[in-house]
Trainee: 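Mind looking over this structure? Questions follow.
In what follows, chains carry the letters A, B, and so on, assigned in the order in which the sequence lines appear, proteins first and then strands, with residues in each chain numbered from 1. Below, all heavy atoms of this structure are taken into account, side chains as well, without hydrogens, waters or symmetry copies.
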Amino acid sequence: MAALSSTQWGPLIKLDRVQVVKGVSESAFIADTLMNQLVKRGEVVDLASDGQYDIEKLMVMKPEVILFSPDPTGVPTPLKMTGLPMIAWPDYFETDPLGRTEWMKILGVLSGVSQESVVLFDSIATRYEQLKSLAARVTERPVVFADKAFAGQWYVPGGKSYMSQIFKDAGATYVFSDNESEASFPLDIETILAKAGDADYWRIAQAARGQYGYAEIKSENEIYASFKAFRDHKVIYCNSFETAYFERGPLEPHLILADFIAVFNPTLITGHKPVFHQLLKP
Amino acid sequence: MKNIINPVSIHLIAQFLLLFLLFTANLFIGSVDLPFEEVWRVLSGRVTNDGSPAIHIVMQYRLPQTITAVIAGSSLAVAGLLMQTLFRNPLADPSILGISSGASLGVAVLLLVSGSLIGSNSVADGWVSQMGLIFAAFIGATAVLGLISWLGKILSNIVSLLIAGIMIAYVAGALVGIAKYFSQKEDLQAFVLWGLGSFSNVGLSQLPYFAFGSITGILMALLMIKPLNLLLLGEGYAANLGINVKRVQMFVLVIAGFLTAIVTAYAGPVAFIGLAVPHLARNIFRTSNHGLLIPAVILTGSSLALFCNLIARLPGFDTSLPVNAVTSLIGAPIVIWVIVRRKHLFTNE
């Protein structure tokens with residue numbers, strides 16, 4: 001199969017069925033070590049780079065099925081021209097963390113390990129629910145906000161988004177939880193300052209390839225130093241390149257949740273080793 | 001006494017008051033509805049604790065943004081005036097020689113190309129700092145300016161140079177298009193956002209550099225008042241009066257180009273102010289004397305930029321509109337209004 005979305009690899013690797021993947025996309029951005037090796041060894045072919053499909057390679061490969069992320073027009077026209085069987089993979093539309101994980105069941109069916117994928121999903125769901133009910137008991141919920149500004153606009157996760165749900169499940173209050181949007185939306189920087197200026201925590205996820213700390217954050221935009229979470233050194237940071245967060249996170253939301261709980265309420269989970277997120281050290 | 005109340009002085013005083021009013025309004029009004037008294041307490045230095053969001057919003061966000069709007073508006077207006085006089089063409093504006101396209105190309109190389117080379121989304125990955133963007137835009141813009149100046153030495157007349165400049169803009173645009181075609185959607189979105197312009201990119205600590213560059217350019221322009229007036233009379237006439245036309249033209253070009261480069265570097269491409277303000281000022285002051293026009297476009301340009309910035313961040317929306325869109329939305333009707341009123345557009349009276 002051609003698994004063009006990076007979120008499809010994690011479940012297949014976990015189910016030990018990664019050998020069914022013959023084609024991927026954007027190999028320059030792969031964070032997973034195993035997938036990187038497969039591409040390097042030529043066992044998996046890169047079918048799209050810089051946002052452009054290599055239709056000829058795809059037609060030579062003739063995968064039994066193409067799993068792709070739909071664009072606003074539905075099926076991207078170049079893919080349609082191949083005439084090959086396709087399944088749209090809009091997993092990122094799921095705002096429920098476990099809902100996103102559940103897509104692994106389809107991968108299980110497609111790769112012939114349906115039973116195993118159900119078992120795996122159930123164990124993840126159980127662990128997630130356990131952690132969630134653990135965090136539900138907290139009496140003090142810290143306030144958290146997320147992401148950064150660019151060119152005057154600050155895109156924040158919507159109040160009904162995936163991130164908002166995880167913050168809530170982890171025992172925190174997301175600043176924009178009242179918002180009705182499922183997607184990210186832009187706000188003026190001063191709106192963020194007014195609403196999140198004295199929030200307790202600030203979550204940043206990005207794929208930095210070098211030293212990243214408070215000095216780097218401030219050098220990006222001086223206004224960041226005005227946030228209490230910055231001054232108190234309460235930035236929750238995820239280096240998505242080192243942790244393969246965007247590839248593995250949707251598969252293992254219980255680990256994302258555990259990381260957050262360990263930051264928000266350290267007494268609830270003792271001895272937790274951060275997987276994706278941790279407090280950025282001063 | 002008669003001198004003080006002549007129409008020019010009244011207009012200058014009115015423009016100055018308007019500028020002051022808009023400057024103040026930009027500090028008091030924004031997406032966040034801050035109480036009037038609180039802003040006043042912050043401005044008068046009576047709020048000093050870090051706990052109040054008002055002090056951060058006003059001092060760290062609105063103040064640098066407002067000053068940036070003034071610097072950008074006045075610089076672009078002066079650059080636009082110089083270009084219109086240089087080419088004796090009412091449609092000339094600071095971007096006409098491809099200098100802002102050069103800035104776009106510099107930013108595209110940084111945001112779109114370098115990301116693919118090292119396999120990372122430049123913006124999502126956070127390795128593109130504000131300084132990096134400013135630097136890339138400035139390098140791109142000055143590279144085009146250098147090319148234009150070099151062509152200016154070779155080409156015999158200014159119209160050929162204008163055509164060469166437009167061609168350079170096309171080439172830069174095409175290269176940007178290729179970079180956009182082959183880039184990740186996150187980087188593409190960042191590039192689009194940069195292209196919409198913003199007065200909030202300049203932090204307080206960077207403001208002095210921006211101001212210094214811009215004021216230097218404007219002071220240079222003020223030194224050119226007499227030759228600029230002579231240029232309006234035509235190249236032959238100016239040459240007869242002992243002006244080295246070619247040298248003056250190149251000097252004017254470099255000043256206008258430098259002003260455009262520095263504003264684009266710090267605020268992104270801001271459209272229309274450079275085109276609309278000289279017409280507005282000529283219409284208000286009824287003059288083509290650069291001794292009056294340059295101060296006039298500085299005042300009018302600052303006010304228009306402040307007005308656009310105010311419109312872009314009206315309270316009650318939580319979000320702000322892109323500055324570039326607002327300047328065009330307001331600038332275009334202004335130019336039409338001037339044409340309708342005057343039935344004609346002038347570069348000289």
Side-chain angles (χ1 to χ4, degrees), chain A residues 26-31 36 49-52 69 71 147-156 176 179 184-199 204-212 215-228 231 237 239-241 246, chain B residues 30-34 50-62 64-65 112 116-121 123-133 181-185 188-190 192-206 268 312-313 317-320 322-323:
Chain A
E26 308 294 347
S27 62
F29 296 87
I30 296 174
N36 261 326
S49 57
D50 298 325
Q52 306 298 318
S69 301
D71 68 12
D147 297 341
K148 292 186 293 192
F150 187 76
Q153 299 287 344
W154 189 318
Y155 279 82
V156 296
F176 301 104
N179 171 274
S184 289
F185 64 101
L187 286 174
D188 194 44
I189 295 175
E190 70 173 52
T191 309
I192 311 260
L193 256 178
K195 300 210 166 127
D198 50 7
I204 297 173
Q206 61 188 22
R209 310 221 165 178
Q211 167 66 27
Y212 196 76
E216 282 76 17
I217 296 178
K218 194 178 172 183
S219 80
E220 286 169 28
N221 195 331
E222 286 166 44
I223 200 86
Y224 295 149
S226 297
F227 288 88
K228 176 172 168 277
R231 294 196 304 270
Y237 180 62
N239 184 332
S240 62
F241 176 68
F246 291 109
Chain B
S31 309
V32 175
D33 214 352
L34 288 176
D50 266 357
S52 146
I55 188 163
H56 294 296
I57 290 174
V58 176
M59 301 307 287
Q60 304 289 327
Y61 187 66
R62 287 186 188 172
Q65 190 174 27
L112 308 176
S116 300
L117 290 182
I118 67 164
S120 117
N121 291 119
V123 177
D125 301 1
W127 55 262
V128 171
S129 68
Q130 205 61 56
M131 279 315 291
L133 281 173
Y181 187 74
F182 290 111
S183 54
Q184 301 291 316
K185 62 175 188 289
L188 202 55
Q189 190 196 16
V192 170
L193 280 176
W194 178 83
L196 290 172
S198 171
F199 292 141
S200 66
N201 294 340
V202 191
L204 269 183
S205 73
Q206 290 162 24
R313 306 178 303 115
F317 292 103
D318 284 347
T319 183
S320 58
V323 158

Trainee: Using the test side chain to side chain donor-acceptor pair (under 3.5 Å), find all partners of E26(A) that sit at least two apart in sequence or belong to another chain.
Mentor: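 For E26(A) the side chain to side chain donor-acceptor pair (under 3.5 Å) partners, ignoring immediate neighbours, are Q184(B).
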
Trainee: Just how far is it from atom CD1 of I189(A) to atom OG of S198(B), taken to the nearest 0.5 Å?
Mentor: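 With rounding to 0.5 Å, CD1 (I189(A)) is 6.5 Å from OG (S198(B)).
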
Trainee: Could you report the tightest heavy-atom contact between R313(B) and D188(A), atom names first, then the distance?
Mentor: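 R313(B) and D188(A) have their closest heavy atoms at CD-OD2, 4.4 Å.
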
Trainee: Select one option (side chain, backbone, both, neither) describing which atoms of Y181(B) are under 4.5 Å from chain A's heavy atoms.
Mentor: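 Both backbone and side chain.
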
Trainee: Kindly compute the distance separating CD (Q153(A)) from CG (L196(B)), expressed to the nearest 0.5 Å.
Mentor: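 Answer for the CD-CG pair, Q153(A) versus L196(B), is 8.0 Å.
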
Trainee: At a 4.5 Å cut-off on heavy atoms, which part of Q206(B) comes close to chain A: side chain, backbone, both, or neither?
Mentor: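 For Q206(B), the contact with chain A is made by backbone and side chain together.
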
Trainee: Quick one: what part of K228(A) sits under 4.5 Å from any heavy atom of chain B, side chain, backbone, both or neither?
Mentor: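 Nothing of K228(A), per the 4.5 Å heavy-atom cut-off to chain B.
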
Trainee: Do Y155(A) and L193(B) touch side chain to side chain, with heavy atoms closer than 4.5 Å?
Mentor: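 The answer is yes; the side chains approach within 4.5 Å.
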
Trainee: Please answer whether the main-chain N or O of V32(B) pairs with a side-chain N or O of E190(A) as donor and acceptor at a distance below 3.5 Å.
Mentor: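 Such a contact is found between E190(A) side chain and V32(B) backbone.
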
Trainee: Are the side chain of Q60(B) and the backbone N or O of S226(A) linked by a donor-acceptor pair below 3.5 Å?
Mentor: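 Not confirmed, Q60(B) side chain does not pair with S226(A) backbone.
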
Trainee: Under a 4.5 Å heavy-atom cutoff, which of G268(B), G203(B), S200(B) has the most pairs with chain A?
Mentor: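 Between G268(B), G203(B), S200(B), the count favours G203(B).
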
Trainee: Where is the tightest heavy-atom contact between Y61(B) and I223(A), given as atom of each residue plus distance?
Mentor: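 In this case the closest contact between Y61(B) and I223(A) is CB-CD1, 3.6 Å.
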
Trainee: From N221(A) CG over to N201(B) CG, what is the distance, rounded to the nearest 0.5 angstrom?
Mentor: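 With rounding to 0.5 Å, CG (N221(A)) is 8.0 Å from CG (N201(B)).
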
